[in-house]
Amino acid sequence: MSAARWWRNLQTVAKRQYHTIQAIPREISGRRVSSRERNQGRIPAVVFAQNLLEKSLSLRNPERKQLLTTERKQIKAILDSVELPFFCTTRFPLQIRAGAGSSLVVDSGHVLPVKIHRDEESGKILNLVFVWAEEGTELKVDVPVVFKGEENCPGLQKGGSLNRIRTTLKYLCPAEHIPQKIEVDVSKLDIEDKIFMNDIDIHPSLKLLSKDETIPICKVTAAKSKKPEPELKTE
């Protein structure tokens, strides 16, 4: 089977089960290789253990680091379904096949996307970064905060405004309990009311990673009164 036909078959599988990311190994890296992959409708990617991102060299473990190639249309289908910014808080099954045209799965597991590199001008995806997210693995995750209930918020109905102080919250999460988003209900907030981090109901296995938990997530502030313009003196 030709490589082109293999990728087309992979695309058909992706339409039926697009939440399983399919990939093949990429033996070499470099700008030229990556550029050639993109020109052929593929996206270079890498997967490794999250501790490779640690600042301390002693905490880094290169085990299971793999250079990969994914199919652009499959990734686009996933992004269209999951929607940003929830892509990087969604855990996906990954299958790594032996090569283009091969049905042999050489490695598999679950991964979490941590970075999407895009072209600044076109917005096209240049490459993807994943970390292994097997069950029981603890990962540091920035979870998006989504505000709901604004249409019923008493403070907003009185002319106030919602100050969104935190748009993400960082947690240490077991991979199987990573929340896709944190929903904050503001439907009962009045002027000057706040919601704090410890007001949010989360899974008991999640640990909030914040140096200052007293910072509110949001606050309803009163509308600023306009200062009267000084009267012009007429002679």
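Numbers here simply count residues along the sequence, with the first being 1. Values reported hereafter were calculated over all heavy atoms of this structure, with side chains retained and with hydrogens, waters and symmetry mates removed. Computed from a predicted structure; not experimentally measured.
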Test log, rule side-chain contact (heavy atoms from CB on, under 4.5 Å), inputs Val129 and His117: CA-CA 8 Å; Val129 180; His117 294 279; 4.0 Å; yes
Working for side-chain contact (heavy atoms from CB on, under 4.5 Å), residues Val131 and Phe48: CA-CA 5 Å; Val131 294; Phe48 48 73; 3.9 Å; yes
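Within a 6.0 Å radius of CG in Asp201, other residues, nucleotides and ligands contribute 12 heavy atoms or fewer. Other residues, nucleotides and ligands contribute at most 12 non-hydrogen atoms within 6.0 Å of the CD atom of Glu135.
Partners of Lys124 under the side chain to side chain donor-acceptor pair (under 3.5 Å) rule, at least two apart in sequence or in another chain, do not exist in this structure. Evaluation of the side chain to side chain donor-acceptor pair (under 3.5 Å) rule for Lys188 yields no partner, not counting sequence neighbours.
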Donor-acceptor pairs are to be reported for all side-chain atoms of residues 202-212 against protein atoms at under 3.5 Å, with residues two or more places apart or in another chain.
from	atom 1	to	atom 2	distance (Å)
His203	ND1	Ser205	N	3.1
His203	ND1	Ser205	OG	2.7
Ser210	OG	Asp212	N	3.4
Ser210	OG	Asp212	O	3.3
Asp212	OD1	Thr214	N	3.0
Asp212	OD1	Thr214	OG1	2.4
Asp212	OD2	Thr214	OG1	3.4

Donor-acceptor contacts, no H, no angles, side chain residues 23-30, under 3.5 Å, sequence neighbours left out:
from	atom 1	to	atom 2	distance (Å)
Arg26	NE	Leu68	O	2.9
Arg26	NH2	Ala45	O	2.8

Got a list of side-chain donor-acceptor pairs under 3.5 Å for residues 159-170, not counting sequence neighbours?
from	atom 1	to	atom 2	distance (Å)
Ser161	OG	Thr221	OG1	3.0
Arg164	NH2	Glu150	OE1	3.0
Arg164	NH2	Glu150	OE2	2.7

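The CD atom of Glu176 sits 8.0 Å away from the OG1 atom of Thr137 when rounded to the nearest 0.5 Å. To the nearest 0.5 Å, the span separating CZ on Phe130 from CD1 on Ile116 amounts to 8.5 Å. Atoms CD1 and CD1, on Ile125 and Ile75 in that order, are 7.0 Å from each other to the nearest 0.5 Å.
No side-chain donor-acceptor contact under 3.5 Å links Ser34 to the backbone of Arg31. A distance-only check finds a donor-acceptor pair linking the side chain of Arg38 to the backbone of Leu126 [under 3.5 Å]. Remark: side-chain polar atoms of Glu71 are paired, donor with acceptor, to backbone N or O of Lys73 under 3.5 angstrom. When atom types are taken as modelled, the side chain of Gln50 and the backbone of Lys140 share a donor-acceptor pair closer than 3.5 angstrom. At least one donor-acceptor pair closer than 3.5 Å links the side chain of Thr70 to the backbone N or O of Ile43. Between the Gln74 side chain and the Thr20 main chain, a donor and an acceptor come within less than 3.5 Å of each other. A donor-acceptor pair under 3.5 Å is formed between the side chain of Glu134 and the backbone N or O of His110.
With Val184 as the fixed residue, the side chain to side chain contact (heavy atoms under 4.5 Å, CB included) test singles out one of Val146, Ile200, Asp199, Leu189: Ile200.
Residue Pro179 comes nearest to Thr89 through the heavy atom pair O-CB, 3.6 Å, listed as atom of the first residue, atom of the second, then distance. Scanning both residues, His19 and Phe92, for their nearest heavy atoms gives O-CD2, 3.4 Å. The minimum heavy-atom distance between Val186 and Cys218, with the atom names listed, is CG1-SG, 4.0 Å. Nearest heavy-atom pair across Ala133 and Leu139 is CB-CD1, 3.6 Å.
Applying the ring-ring contact (aromatic ring centres under 6.0 Å, His included) test to residues at least two apart or on different chains, none of the pairs has a partner in residues 20-46.
Following chains of ILVMFWY side-chain contacts shorter than 4.5 Å, one can reach Trp132 starting from Val106, so the two form part of one hydrophobic cluster.
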